Number of protein chains: 2
Amino acid sequence: MGNTRADILHAARGILAQHSLAELTMRRLAAEVGVAPNALYWHFADKQTMLAALADDLLAEVPARDDLPWTSALAAMAQDMRAALLAVPDSAEVVSSAWASGLAGNDLASRFAGIAASGGLLPSAAGGVATALCQLTIGLSIEEQTRAQMERLGVIGRSGRDYTAEFTAALDVIVDGARAASEAAR
Amino acid sequence: MGNTRADILHAARGILAQHSLAELTMRRLAAEVGVAPNALYWHFADKQTMLAALADDLLAEVPARDDLPWTSALAAMAQDMRAALLAVPDSAEVVSSAWASGLAGNDLASRFAGIAASGGLLPSAAGGVATALCQLTIGLSIEEQTRAQMERLGVIGRSGRDYTAEFTAALDVIVDGARAASEAAR
DNA sequence: ACCTGAACACCGTTCAAGT
DNA sequence: ACCTGAACACCGTTCAAGT
């Protein structure tokens, strides 16, 4: 009784941390909070809306990088975003769905775009940088976390992929592209 | 009776085309094929495996671009991949899950990497280009198709986003980055 | 080789009602 | 404002059995 939205989101994060997205059902979440399943619908319109709020929550911690030169700031913020996702199992999948549904705000993309614009990029190019960085980060994190989940369940063996190396290589390409666009716009 | 794997995948594609991923249930798929739900489990181990086969199917049509200069070939193949995804509603989501599960082969990433390598990139940089292109293309397509699905259901209005422009801008950044990496390696 | 009948253990969500 | 009881209309999957 007397639960708040934040309590529910905290419990949801806990289920991801200790189990998986597959186990994050409304019924289980309700049990964790100590409430009947339908009680959740007083706080959230539906599951999708709850997941969107969780997605906003998960990415709220990505810090600003205003101290760094703009290309370094782009790279650092992408690394921070990835770290925030990897800290909570299956969170990348949650964020992807939330962004796709349009129910979560995408603060992060505009922050990337702002940094790129500060490097002298035209708005469309700055937007392109932001899009490429966001999609790379969530997409690769989804692959990594899904794989980790399957390994955790013992349904499959180690992948042999080095996700960090793959991420860094792709990140470098995008940052190089941003630098090239900056020089072209000058 | 006497259904083949291909018949089932064809029916699955039809459900995506005429309805959505949400309606692509094993029960509905079975009904479409004219069979009891559990009959599908003779052909596929589980739903995930079936979706992985569907994902391979959906991307099998992306043509080669060996005739073009390498940077143009990268861009053209990314555009072709996007076109293949956009041709079937919700297919990007299917491909994303399938790649994440590791049950689908990812031919496309190696083809991108091969083209990049032909431009003189080191293996790690070529892999980075492939990763960035694949994640951009599926990630943005997921957003576009999910949005389209919600509009189709009338649950939400037009987005005002120009996904093609966003895609092109991000694609340009990545290709510029690939070119820069090529010059650096020379 | 390919399918059915029947069942198990779940889902998200709604509605009326309670305090 | 916040929650419960009971129900509805579904899911994916398994098992034994049929032809």
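Since the structure is predicted, the reported quantities are computational estimates derived from the model, not experimental observations. Lettering of chains follows the sequences in order, A, B, ..., and the numbering in each one begins at 1.
The same atom, C1', is picked in dA9(C) and in dA9(D); the two are 16 Å apart, to the nearest Å. Only the P atoms considered, dA17(D) is 22 Å distant from dC2(C), to the nearest whole Å.
Under the 4.0 Å criterion applied to side-chain N and carboxylate O atoms, R82(A) and E144(A) are assigned as salt-bridge partners. Contact check on R147(A) versus E151(A) returns a salt bridge, with a Lys/Arg side-chain nitrogen under 4.0 Å from an Asp/Glu carboxylate oxygen. Salt bridge annotation for R13(A)-E61(A): present, with a cationic side-chain nitrogen under 4.0 angstrom from a carboxylate oxygen.
The base-pairing partner of dT19(D), taking Watson-Crick or G-U wobble contacts with both distances under 3.5 Å, is dA1(C). Base pairing of dA6(D) is made with dT14(C), judged by Watson-Crick or G-U wobble geometry with both donor-acceptor distances under 3.5 Å.
Nearest to the side chain of R27(B), among dC3(C), dA7(C), dC11(C), sits dA7(C). Among dC11(C), dT13(C), dT13(D), the nucleotide with an atom closest to any side-chain atom of P37(A) is dT13(C).
When each of A45(A) and E23(A) is assigned the nucleotide of DNA chain C with its nearest heavy atom, E23(A) is the one assigned upstream, toward the 5' end. DNA chain C is contacted by both D46(A) and A39(B); A39(B) maps to the nucleotide lying nearer its 5′ end (nearest heavy atom per residue).
A36(A) comes within contact range of the sugar-phosphate backbone alone, with a heavy-atom separation under 4.0 Å but no base atom that close.
In this structure, the CD1 atom of I8(A) is 15 Å from the C1' atom of dG12(C), given to the nearest Å. For the pair W42(B) CH2 and dT4(C) C1', the interatomic distance rounds to 15 Å; values are reported in whole Å. One interatomic measurement links the two molecules: OH of Y41(B) to P of dA6(C), which rounds to 19 Å at whole-angstrom precision. Atom CZ in R5(B) sits roughly 18 Å away from atom C1' in dC3(C) (whole-Å rounding). Look at CZ on F44(A): it is 16 Å from C1' on dC3(D), rounded to the nearest Å. In this entry the distance linking NZ of K47(B) with P of dG12(D) reads 4 Å, nearest Å. Protein atom CD of Q48(B) is 14 Å distant from nucleotide atom C1' of dT13(D), rounded to whole Å. Distance CG (L40(A)) to P (dC11(C)): 13 Å, rounded to an integer number of Å.
Remark: the backbone N or O of E143(B) is not paired with any side-chain donor or acceptor of T146(B) at under 3.5 angstrom.
Proximity of H43(B) to the phosphate of dC3(C): a side-chain N or O atom is located under 4.0 Å from OP1 or OP2.
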Q | Test side chain to side chain donor-acceptor pair (under 3.5 Å) applied to T49(B) and D46(B), step by step | A | CA-CA 5 Å; T49(B) 305; D46(B) 50 24; 2.6 Å; yes
